[in-house]
Amino acid sequence: MCTPSKGAQWKNDLEHIRKDHGFSRKVLLNCCLVRRIITWASPSPKDSVEDELELSTVRHRPEGLEQLEAQTRFSRKELQILYRGFKNECPSGVVNEETFKDIYSQFFPQGDASTYAHFLFNAFDTDHNGSVSFEDFVMGLSILLRGTVQEKLIWAFNLYDINKDGYISKEEMLDIMKAIYDMMGKCTYPVLKEETPRQHVEVFFQKMDKNKDGVVTIDEFIDSCQNDENIMRSMHLFENVL
Amino acid sequence: MAAGVAAWLPFARAAAIGWMPVANLPMPVAPTEKNKRQDEVIILNVSGRRFQTWRNTLDRYPDTLLGSSEKEFFYNEETKEYFFDRDPDVFRSVLNFYRTGKLHYPRYECISSYDEELAFFGIVPEIIGDCCYEEYKDRKRENAERLMDDQEDNKDAKLPNMTFRETMWRAFENPHTSTMALVFYYVTGFFIAVSVITNVVETVPCGSAPNQKEVPCGERYTVAFFCMDTACVMIFTVEYLMRLFAAPNRYRFMRSVMSIIDVVAILPYYIGLVMTDNEDVSGAFVTLRVFRVFRIFKFSRHSQGLRILGYTLKSCASELGFLLFSLTMAIIIFATVMFYAEKGSSSSKFTSIPASFWYTIVTMTTLGYGDMVPKTIAGKIFGSICSLSGVLVIALPVPVIVSNFSRIYHQNQRADKRRAQKVQKARLARIRLSKAGSSSAFLHSKRNGLFNEALELTQLPYKMSLSEQSSTKEEQHLGKSSSLLESQHHHLLHCLEKTTNHEFVDEQYYQQSYLEGGLQNYPPRSPSLSSQDGVTGTCCSRRSKKHNTPLRNASAPAHMQPLTHPQTHHHGLQELSTIHIQPLSTSRSSLNMRIDEPAPLNCQSSQITTAIISIPTPPVTTPEGDAHLPTGPSHQNVVKVSAL
């Protein structure tokens, strides 16, 4: 669909083309007219012309290296390495959810990583536009790899809070838990039972939900995590990843 | 793991932070990159053409020549580049494989040179991407056929030790092998022709005496024809018996189509010999003569085209069936309609619906004999519709049959494509296997980890006194087993195991445990059992009994010693050694398979990693060494050496 911004961009592009190539307005108008007639005549792809232009503009170029260096905690070289890998896998510059799920699933061959990848995607896609650009990717990684423990915990809270209402309910946690257990797949020892995720959620809530009101707020979450040695230690686990 | 995806491993590992708050168990230590090299550009000089790429790109596939240390053999010290004396054009495809993860087959390239290059660089051709795989396989098949044809020409040369029987069979199958065979071939062909002509001429009316009516030649010259028939049948019988004798597999020969034709061709004669006495069945005897026409099918041994026709009809069975079916439907419909349309008119030939069948068939096939014609207007209208539709119905399946016939001219390639289907399945199976290999690689490395760990522990007391040099040696020793990428991936999977408190096992193990269901008889020998998970101390001690003694040494004393040593030598903090995080749950290992106990349990410590870890508090070692409970805060420090 042609969003207003895209329509304006298209208009701009056309203006540029016209000016660059010296077409007369009339020629361009005729061209557009012809296109419109074609799209009207061909019933099925309604916005095909716009779609084609859409697709070509979806090619995304990230902001400059200096800006990203300023916004994230990565060094120039690290950003270079990250971008090379990113661009290799996604030449168009953005990752959509399908590709994201594919990539993530390759690391977990035995199970089904798509649900968890979906939640991860939503956690990375901070502006919720359905695609993760390099900026989103690198911001997320910056928090995860170079952020303070507080920031990491906030990120994790955001991951668990599926509807972003500031509370983790038991249902949300159950979804997340099931997604994590799905990644294990079928062949596990001991055999995964139906109620294992639920039990795990219970344990989690016992630990985290201080006032026992059935939801975990961000403060409860951060507090409980900071009191847990294991969690604190594991937060530092991946610091040397890049 | 695919190449491009390897670049995303840091991301996947970072995302694992999402599991941390959920996990109740401590996480295993991450593998570090020892001497983390800055990514450098390496130069590959292939016959003068220089290719440059990142070292990391090549490291993505550690089991190929360029990805492993094998390329060091080609390193040129003076020019600081890797020199390969190979074809640079093909090398382009090879290098692109590393870059993109897809191997392409350039169409202009000769298949055997391409294969050689792939073999040199250690790349399995099955990885060729789907876009180029068909082409590659076709070319390879053509090449193989060409080689096979060349070989077959040599095969026709007489092998030294062939028995008489084998020689005869070869002579029958390939008449061009020897002169005798060729003579035999032509003689039989001649006699088949003679026999067929005899059958035909038998029925021609010969000149008659003026007062007699015309008789067919067969009755006039009975003796002559009988002699000819006998001679032919003699030859055919001898030929059949000789083929039967020479056939390598008699039963299969007797079931083959050609032999059935042979039998049917000669049988009427013998039946006729037997039955001439009995007058009643002479009528049946006459009909048997019809079967003599089957002798003409014997020509199919002599003619390739006839065989192809036969195969065509066989392969187009479905189209022919469709043709027949649609024709039958149309015939019945039109016959019914014509019958009722013509019912009114007098002296109508359309006496019944079956009688109308004849009219419909003749009309639909546009024969139009004219022996039955409709007289009423309705009849004429429907008759014309019938003839028009007949053209359509018959014209539709015929091109299919024709194209089938032309297709079967390339019959050899048809059969090979069927063989290629099996190869395709094999290839897919191989790719699936390599993908499954990544999951089994994790299980495998756990097993390997166990052995390495065992080795480590035996030397641990001795090595403890040394400084970091020993640990680097250990590092190298362990580093040999898996590349860094793999170890990081395995660490990630291990973290997942810890988060969910379940372990990955392989398929057959899972089946086993699933079947056994709740059969969890962990003999509780150690008081520190956790309810949901199994024994740690007991299996370990059990296993240490069954396994080699060096492990034994490490079992009890190892609990205390290696842990106290770090205390004495390196106060508190940095220790490069193999430290294992004691798992709470039990895990599978291949050692498990060797232990045949009813409870398929085993314990194994977690993945070995060499890492610099900081031990902020002195490790609390309980005598069993495994007092872990699923609740988090209770264990302060879980770094213990496993009890092997």
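Below, each value reflects all heavy atoms present in this structure, side chains not excepted, and no hydrogens, waters or symmetry copies.
- By the 6.0 Å contact criterion, OH on A/Y83 is enclosed, its count of non-hydrogen atoms from other residues, nucleotides or ligands being greater than 12.
- The most heavy-atom pairs under 4.5 Å with chain B, out of A/M235, A/R84, A/M208, come from A/R84.
- In this structure the side chain of A/M184 never reaches within 4.5 angstrom of the side chain of B/E503, judged on heavy atoms.
- Residues B/F11 and A/F107 place their aromatic rings such that the two centres sit no closer than 6.0 Å.
- A/V95 touches chain B through its side chain: at least one heavy atom from C-beta onward sits under 4.5 Å away, while N, CA, C and O do not.
- Contacts of A/S224 with chain B are absent, with no heavy-atom separation under 4.5 Å from either backbone or side chain.
- Looking only at distances, no side-chain donor or acceptor of B/H502 sits under 3.5 Å from a matching main-chain atom of A/Y181.
- Both the backbone and the side chain of A/F86 come within contact range of chain B, judged by heavy atoms closer than 4.5 Å.
- Both the backbone and the side chain of A/L192 come within contact range of chain B, judged by heavy atoms closer than 4.5 Å.
- Taking both residues in full, the closest heavy atoms of B/A14 and A/L141 are given as CB-CD2, 3.5 Å, listed atom of the first, atom of the second, then distance.
- The two residues B/A15 and A/Y116 have their closest heavy-atom pair at O-OH, 3.6 Å.
- Highest contact tally toward chain B, considering only A/M232, A/K152, A/M177, A/M183, is held by A/M183 [criterion: heavy-atom pairs under 4.5 Å].
- In this structure, B/T500 and A/I180 approach most closely via the heavy-atom pair CG2-CG2, 3.6 Å.
- Atom-to-atom distance recorded for A/H200:NE2 and B/N501:CG is 7.5 Å, nearest 0.5 angstrom.
- For chain B, the nearby part of A/F100 is the side chain; its heavy atoms alone come within less than 4.5 Å.
- One finds the CZ atom of B/R13 at 9.0 Å from the CG atom of A/L145 (value rounded to the nearest 0.5 Å).
- Put simply, CG on A/L153 and CD1 on B/I17 are 9.0 Å apart, with the number rounded to the nearest 0.5 Å.
- For chain B, the option among A/Y104, A/Y160, A/F108 with the highest count of heavy-atom pairs below 4.5 Å is A/Y160.
- The two residues B/P21 and A/K207 make their nearest non-hydrogen contact at O-NZ, 4.2 Å.
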